[in-house]
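Report on the structure given below.
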Amino acid sequence: MPPMLPFRTASLAAGLCLASIPPCAAGEELRLPPVVVTARVESAPAFDLPASLDRVDLSGDRNDAQASLSEALRGVPGVLARDRQNQAQDTQLSIRGFGARATFGVRGVRLYADGIPATMPDGQGQLSHFALAAAERVEVMRGPFSALYGNSSGGVVQLWSADGTPEPQADLRAAAGRYGGLSASARLRGTLGRDATAGGTGYHLAVAGSDSDGYRRHSAARRTSLNLKLHRELAGGGRIELVGNGFDAPDAQDPLGLTWDQMRADPRQAVAVAELYDTRKSVRQAQLGANWRQPWGEATTLRVSGYGGRRAVTQYLAVPVAAQASPLSAGGVVDLDGDHGGLDARASWQGQAGGRDLELTVGAGGERQRQHRRGYENFVDDGAGGTLIGVRGRLRRDQIDTVESLDGYAQAWWRLAPRWSLQAGARHSTVRFDSQDRYLTAANPDDSGRVRYSRLTPVAGLAFAPTADLRLYLAAGRGFETPTFNELGYRADGQAGLAFDLRPAASDTLELGAKWRGRAGAAVEAALFRADTDDELAVARNSGGRSSYRNVGRARRQGAELSARLPLGQAWSLQLAATWLDARFREGFAVCAASPCTTPGVQVPAGTRIPGLPRQQAWARLQWQGQAWEAALEGAALGAVGVDDRGQARAPGYGLLHLEAARGWELAGGRRLRAFARIDNLLDRAHVGSVIVNEANGRYYEPGPGRGVLAGLELRL
């Protein structure tokens, strides 16, 4: 077992931090934050719950590009969100070490936008279509209670868009930065008919676009998104919302990773095969969802949400022509398109038990995803004895993949004594995968198959209030994570068919935490956590943009988190966030000695660190707010990150400084103009922005950008 000294150190640091801030005077009212919807408890604010819950306000003025959720999550402890400077592969996101293995998209973390899942039933999620231009707030849940969201819920991230306003309001924004970066957004809010509180229909339409040449060569990308939210208050305190969004990112170029020598020589280069095969990805998505809430009697509230959408992805990989000669090859072009949808219904009851407040919630949900997966060669014969590379060629794979999930869940929150409260729940999940092979030849037999996973995930937590401004809590739970269809898509041994031999990972999580709230918005939170996982899912091999996976036995993630929000007078404030994470394999296993992975090679001993995760992470923001001017200095530091299972190569740690400033002008007619500027990586430090775990060619490293300036204007009408 790893030494527990860091746990004791973190506990002592949290205690000293709590003791160093003056308590509230007797009778002084505390300003508690609003209810965090992600907790699914209405009887108590997040402060009273035995869980790590953060709410990041995005409704105010922002000085970033609004292009990546990583910018909004910088100050949340336990969360690692890394912009890869590669829009073909999206943001890397992990929470307390869950999701670190993802080489593209998001695994192990559940994503939602306005209550509508952005994670597919198989556990594969995407951040790319989150409409940040429309965002009001982001909510983040970490720890055991995430398991109540079902499969792949090592953590939960929810984006919520703003409601319409009583009077029409328009916001225009444009920004420009280095590397040809341009972005623009417009949003219109208001109410159709009567006032929103008197039965009118509120609306919020947001449109955003960005275009960039990219920090590295062969990394140009263009994105367009649209989000529409309509909401109407109903008789009896009910409410209905309709949310529609669309996202389009055509031919985002992928520069692939670099070796360490390549990165040191020229971090802005793209590897030769990226340009040879013109590696790129196109994504198009449209989705429509509805949320309905209606009180039923004096104590019960019903909620129903449903959604449906369509997503299409085309990706050109750097799979060598020679490697596609095998009759079992799936080619070098991936073409996916499919539909997804789901329905969730729950009822909540608020009353009393034993003379104390009690809230009960029961619900059920089902989701379905059907995708058509095709693979093509990434070359064609030019008719003159030559070969054209990086174009769609012959069909090499054709299958229909379907996944269905069915869940039932229950949760209770009870104030069992004046200073004590209990929260507990359970969820039963069944996930079915089915693949129908439609590409049959004499050398490629029928690879159809199916698999079913089922798990019960219980969780419970106890909170204690020694004073009005302090909460202590303990929580424990079990969660599970199935492989996604993308992880089932390729077998580690190079044979045809899906990897239906993969088993879901199951985790037991324990958390001990403290929360303090003081005057003028001061707050401190600290948590210790441990998660023990069986059948850990890990990358077996990464090559040419194609990944295969395997189970590697037991793993442990344990650590400490600390965050603080401290007002320093009328104009100054300080925010802090720090994470210590020790993530290790607890069983030894053999890495692949050849490609494909048919022969075990070097043994990875028990105790080796899980790659893709830093041991230390810290962030701080010092802000000054005047009447017209504002400024902020921001710092971020990250420890070294392992890049392969053997632990023989690492990306070195780094520290960065960012500086920003803004000025606002109040204009006639209630209009407002604001100018802002930001300098990222103020000291121009060379660093590794993200890594590709177990990349077969040693191209693990994705460079972070050097010093860059962003400037923009906002106009509110």
### Query
Short question: side chain of Ser329, backbone of Ser326 - any donor-acceptor pair under 3.5 Å?
no

### Query
Less than 4.5 Å apart, any side-chain heavy atom of Leu93 and any of Leu111?
yes

### Query
Distance only, no hydrogens: is a donor on one side chain within 3.5 Å (strictly under) of an acceptor on the other, for Ser52 and Arg96?
yes

### Task
Compute whether any side-chain donor of one residue and acceptor of the other, for Gln558 and Arg530, lie under 3.5 angstrom apart.
yes

### Query
Backbone N or O of Asp251 within a donor-acceptor pair of the Ser282 side chain at under 3.5 Å?
yes

### Message
Side chains of Val334 and Val313, heavy atoms from C-beta outward: is any pair under 4.5 Å?
### Response
no

### Query
Going through the distances and angles, do Arg621 and Glu660 end up as a side chain to side chain contact (heavy atoms under 4.5 Å, CB included)?
CA-CA 11 Å; Arg621 179 181 175 89; Glu660 60 186 58; 2.6 Å; yes

### Message
Taking Glu587 first and then Arg554, would you say they form a salt bridge - that is, a charged N and a carboxylate O separated by under 4.0 Å?
### Response
yes

### Query
Sub-3.5 Å donor-acceptor pair from the side chain of Gln324 to the main-chain atoms of Gly332, do we have one?
yes

### Query
Any idea which heavy atoms bring Ile389 and Leu276 closest together, and the distance?
CG2-O, 3.3 Å

### Query
When rounded to the nearest 0.5 angstrom, what distance separates CZ in Arg264 from CG in Leu258?
13.5 Å

### Query
Is any side-chain heavy atom of Val106 closer than 4.5 Å to a side-chain heavy atom of Gln92?
no

### Query
Taking the side chain as C-beta and beyond, is there a heavy-atom pair between Pro144 and Thr509 under 4.5 Å?
yes

### Query
Do you know the tightest heavy-atom contact between Gly708 and Arg178?
CA-CD, 3.6 Å

### Query
Are Asp645 and Arg550 within salt-bridge range, i.e. N to O under 4.0 Å?
yes

#### Entry: Passing option when Asp254 is tested against Arg216, Lys281, His218, Gln89 for side-chain hydrogen bond (donor to acceptor under 3.5 Å, both in side chains)
Gln89

### Query
Do Asp122 and Thr484 meet the criterion of a side-chain donor-acceptor pair at a distance under 3.5 Å?
no

### Query
Taking side chain as C-beta onward, heavy atoms only, is Arg55 less than 4.5 Å from Val140?
no

### Task
Give a yes or no on whether the ring-centroid distance for Phe480 and Tyr453 is below 6.0 angstrom.
no

#### Entry: Met120 side, atom CE; Asn151 side, atom CG - distance, nearest 0.5 Å
12.5 Å

### Shortest non-hydrogen contact from Val273 toward Thr279
O-CG2, 4.5 Å

### Query
To the nearest 0.5 Å, how far apart are OG in Ser690 and CG in Asn86?
8.0 Å

#### Entry: Salt-bridge contact Glu634-Arg74 (side-chain N to carboxylate O under 4.0 Å)
yes

### Message
Between Arg609 and Asp582 (salt bridge meaning N to carboxylate O under 4.0 Å), is one present in this structure?
### Response
no

#### Entry: Closest contact, heavy atoms only, Pro614 versus Gly612
CD-O, 4.2 Å

### Query
Is a side-chain donor or acceptor of Asp83 paired with a backbone partner of Gln85 at a separation under 3.5 angstrom?
yes

### Message
If you take the centroid of each ring, where Trp contributes its six-membered ring, are Phe485 and Phe433 closer together than 6.0 Å?
### Response
yes

### Task
For Gln617 and Thr579, test the side chains for any donor-to-acceptor distance below 3.5 angstrom and give the result as yes or no.
no

### Task
Look at Arg707 together with Asp680 and state whether they make a salt bridge at an N to O cut-off of under 4.0 Å.
no

### Query
Does any non-hydrogen side-chain atom of Leu336 lie less than 4.5 Å from one of Asn486?
yes

#### Entry: Lys/Arg N to Asp/Glu carboxylate O, Arg503 vs Glu536, below 4.0 Å
no

### Message
Just so I know, are the side chains of Leu581 and Leu613 near enough to count as touching, which here means a heavy-atom distance under 4.5 Å?
### Response
yes

### Main-chain N/O of Asn681 paired to His658 side chain as donor or acceptor, under 3.5 Å
yes

### Query
Just by modelled atom types, is the Val319 backbone N or O under 3.5 Å from a matching donor or acceptor in the Asn378 side chain?
yes

### Query
Do Leu69 and Leu132 pass the side chain to side chain contact (heavy atoms under 4.5 Å, CB included) test, and can you show the C-alpha distance, the side-chain angles, and the key distance before you say yes or no?
CA-CA 7 Å; Leu69 192 65; Leu132 293 177; 3.7 Å; yes

### Query
Where the side chain of Gln262 meets the backbone of Thr259, is there a donor-acceptor pair that is under 3.5 Å apart?
yes

### Summary
Rounded to the nearest 0.5 Å, the CG atom of Asp684 sits from the CG atom of Leu657 at a distance of 12.0 Å

### Message
Show, in sequence, the C-alpha distance, side-chain angles and deciding distance for Met141 and Arg110, and conclude whether the side chain to side chain contact (heavy atoms under 4.5 Å, CB included) test is met.
### Response
CA-CA 10 Å; Met141 174 185 282; Arg110 298 289 295 185; over 6 Å; no

#### Entry: Main-chain N/O of Arg268 paired to Asp266 side chain as donor or acceptor, under 3.5 Å
yes

### Message
Do Asn694 and Arg646 pair up side chain to side chain, a donor and an acceptor below 3.5 Å, judged on atom types alone?
### Response
no

### Message
Working note: Arg107 + Tyr549, criterion side chain to side chain donor-acceptor pair (under 3.5 Å); need CA distance, chi angles, decisive distance, verdict.
### Response
CA-CA 13 Å; Arg107 272 87 138 185; Tyr549 298 83; 3.1 Å; yes

### Nearest heavy-atom neighbours spanning Phe529 and Trp580
CZ-O, 4.3 Å

### Query
What heavy-atom pair brings Ala318 and Leu256 nearest, and what distance separates the two atoms?
CB-CD1, 3.9 Å

### Query
Between Leu474 and Leu510, does a side chain to side chain contact (heavy atoms under 4.5 Å, CB included) hold up when you go through it step by step?
CA-CA 8 Å; Leu474 177 67; Leu510 183 68; 4.0 Å; yes

#### Entry: Side-chain donor-acceptor contact under 3.5 Å, Ser507 with Thr533
yes

### Query
If you measure from the Lys or Arg side-chain nitrogens to the Asp or Glu carboxylate oxygens, is any gap between Arg82 and Glu702 under 4.0 Å?
no

#### Entry: Interatomic spacing from CG in Leu682 to CG in Leu633 - rounded to 0.5 Å
7.5 Å

#### Entry: Arg557 charged N/C atom sitting above Phe98 aromatic ring, 6.0 Å / 45°
yes

### Message
Quick check: do Pro504 and Asp535 have side-chain heavy atoms less than 4.5 Å from each other?
### Response
no

### N-O pairing of Arg280 and Asp278 below 4.0 Å
yes

### Plane angle bin for Tyr654 and His687 - parallel if under 30°, tilted between 30 and 60°, otherwise perpendicular
tilted

### Query
Donor-acceptor pair, Arg685 side chain versus Leu656 backbone, under 3.5 Å?
no

### Backbone N/O of Thr38 and side chain of Tyr149: donor-acceptor pair under 3.5 Å
yes

### Query
When rounded to the nearest 0.5 angstrom, what distance separates CG in Leu53 from CD in Glu525?
8.0 Å

